[in-house]
Amino acid sequence: LKDDSFVFTEGLSPVFNVYDLSGKITGEIKTPLPEPQPVTGADLENWRENYKNIVRDKEWLNSFGKVIYKYRESIHKKKPNLSRFSSTPGGNLLIEGLKTPKNSRPYWLIDLKGNILKSIEIPCLISGVDISVHFIFAWSSDDDDNPLIVCMKRKGTEAEDLVRIAGYRR
């Protein structure tokens, strides 16, 4: 990826666009991501439950938060097909998928041609992963929402170190 370009996705396609700094599309990356799926009633219910759990001001939730029960359908037709992605020092993309029914998250390390260098599922006790030149990081939080950050010194390729961090258990 050139220094004067960036990758963008709205999360509704397995294809990422590459732009130059003027906003012109200069390429695309076909990723291994699945096509986005329609939003279901169960997704809407999960959203309500997650919202209730993250709002700390229960008085506000009881007064104003009741609007979440009025939603009968999502304003979005489809769910995004990824949670986040980042570029790596090796010039690759690390893509974090959505939480699976097995309470894990898929990660794909791909090159800029869309070739999979490593595909792995990591238990959801890890909330995210990043790769730097010398370290690989994973973060999560404890039961009191205190951040927990794991920092491992890089020992191998990005793909090898991704496997190492996936083995972390708190």
Side-chain angles (χ1 to χ4, degrees), residues 1-51 53-54 71 73-133 135-141 149-150 152 154 156-169:
L1 194 61
K2 297 177 184 176
D3 285 343
D4 62 348
S5 61
F6 63 94
V7 178
F8 177 81
T9 179
E10 60 187 6
L12 296 175
S13 169
V15 178
F16 292 12
N17 289 322
V18 179
Y19 291 86
D20 66 17
L21 296 181
S22 72
K24 178 183 172 194
I25 295 178
T26 58
E28 65 180 27
I29 303 168
K30 293 181 178 158
T31 74
L33 288 170
E35 288 289 334
Q37 300 298 308
V39 176
T40 65
D43 295 323
L44 196 57
E45 190 56 39
N46 286 338
W47 170 75
R48 284 187 195 103
E49 286 304 309
N50 287 339
Y51 190 81
N53 291 332
I54 63 170
Y71 287 97
E73 62 183 53
S74 174
I75 59 172
H76 304 286
K77 298 287 183 230
K78 296 193 175 197
K79 302 183 265 196
N81 58 0
L82 76 153
S83 179
R84 64 187 290 270
F85 75 97
S86 60
S87 62
T88 69
N92 301 307
L93 294 178
L94 179 60
I95 304 169
E96 179 182 308
L98 299 176
K99 184 177 172 182
T100 69
K102 298 184 295 186
N103 201 30
S104 63
R105 286 187 189 277
Y107 284 83
W108 296 274
L109 181 66
I110 67 168
D111 65 19
L112 294 181
K113 294 179 182 173
N115 298 313
I116 300 173
L117 303 175
K118 191 63 177 170
S119 175
I120 194 164
E121 281 202 22
I122 297 178
C124 278
L125 61 94
I126 292 177
S127 305
V129 174
D130 272 319
I131 299 173
S132 75
V133 174
F135 298 96
I136 185 163
F137 300 92
W139 62 90
S140 64
S141 57
I149 303 190
V150 176
M152 290 184 179
R154 298 270 315 272
T157 66
E158 291 176 345
E160 291 166 342
D161 289 335
L162 184 60
V163 172
R164 284 182 55 234
I165 202 78
Y168 167 75
R169 302 289 183 267

Practice item. Any pair with a residue in residues 3-16 that passes side chain to side chain donor-acceptor pair (under 3.5 Å), sequence neighbours left out, goes on the list, sorted by first then second residue, please. Key: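 Matches after skipping sequence neighbours: none remain.
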Check your understanding: Quick one: side chain to side chain donor-acceptor pair (under 3.5 Å) pairs with a partner in residues 93-103, sequence neighbours left out?
Key ->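 Those involving residues 93-103 are Ser83-Glu96, Glu96-Tyr107, Lys99-Asn103, Thr100-Ser104.
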Only counting residues at least two apart or in another chain, list the ones meeting side-chain contact (heavy atoms from CB on, under 4.5 Å) with [X].
X: Arg164; result: Met152, Lys155, Asp161
X: Ile116; result: Pro32, Trp108, Ile110, Ser119
X: Lys113; result: Asp111, Asn115
X: Val163; result: Lys118, Ile120

Exercise for review: Would you mind listing every ring-ring contact (aromatic ring centres under 6.0 Å, His included) that reaches into residues 2-32, with sequence neighbours excluded?
Suggested key: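 Pairs touching residues 2-32 that pass the test: Phe6-Tyr19, Phe16-Phe85.
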Check your understanding: Taking side chain as C-beta onward, heavy atoms only, is Asn81 less than 4.5 Å from Leu98?
Key ->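 No, their side chains stay 4.5 Å or more apart.
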Point to revise | Heavy-atom pair of closest approach, residues Leu12 and Lys78 | key: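 Smallest interatomic distance, heavy atoms only, reads CD2-O, 4.0 Å.
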Exercise for review: Check Ala166 against Pro123 and note the closest heavy-atom contact, atom names and distance.
Suggested key: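 Result for this residue pair: O-CD, 4.4 Å.
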Point to revise | Arg154 side chain to Ser132 backbone, donor-acceptor under 3.5 Å | key: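 Present.
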Check your understanding: Is the side chain of Glu158 donor-acceptor paired with the backbone N or O of Leu109 at a distance under 3.5 Å, no angle test?
Key ->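 No: the side chain of Glu158 does not pair with the backbone of Leu109.
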Review point. For Leu117 and Leu162, what are the C-alpha separation, side-chain angles and deciding distance, and is it a side-chain contact (heavy atoms from CB on, under 4.5 Å)?
Key: CA-CA 11 Å; Leu117 303 175; Leu162 184 60; over 6 Å; no
Can you give me every donor-acceptor pair (side chain of residues 33-41, partner residue at least two apart or in another chain, under 3.5 Å) with its distance?
from	atom 1	to	atom 2	distance (Å)
Gln37	NE2	Glu35	O	3.0
Thr40	OG1	Ala42	N	3.4
Thr40	OG1	Asp43	N	3.1
Thr40	OG1	Asp43	OD2	3.0

Exercise for review: Using the salt bridge (Lys or Arg N to Asp or Glu O under 4.0 Å) rule, collect all pairs that involve residues 20-30, keeping only residues at least two apart or in two chains.
Suggested key: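 Those involving residues 20-30 are Glu28-Lys30.
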**Study point:** For Phe137, all residues meeting ring pair (Phe, Tyr, Trp, His ring centres under 6.0 Å), sequence neighbours excluded
**Key:**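 Checked Phe137 against ring pair (Phe, Tyr, Trp, His ring centres under 6.0 Å); zero matches.
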Point to revise | Residue list, salt bridge (Lys or Arg N to Asp or Glu O under 4.0 Å) with Asp130, at least two apart or on another chain | key: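 Per chain and number, Asp130 pairs via salt bridge (Lys or Arg N to Asp or Glu O under 4.0 Å) with Arg84.
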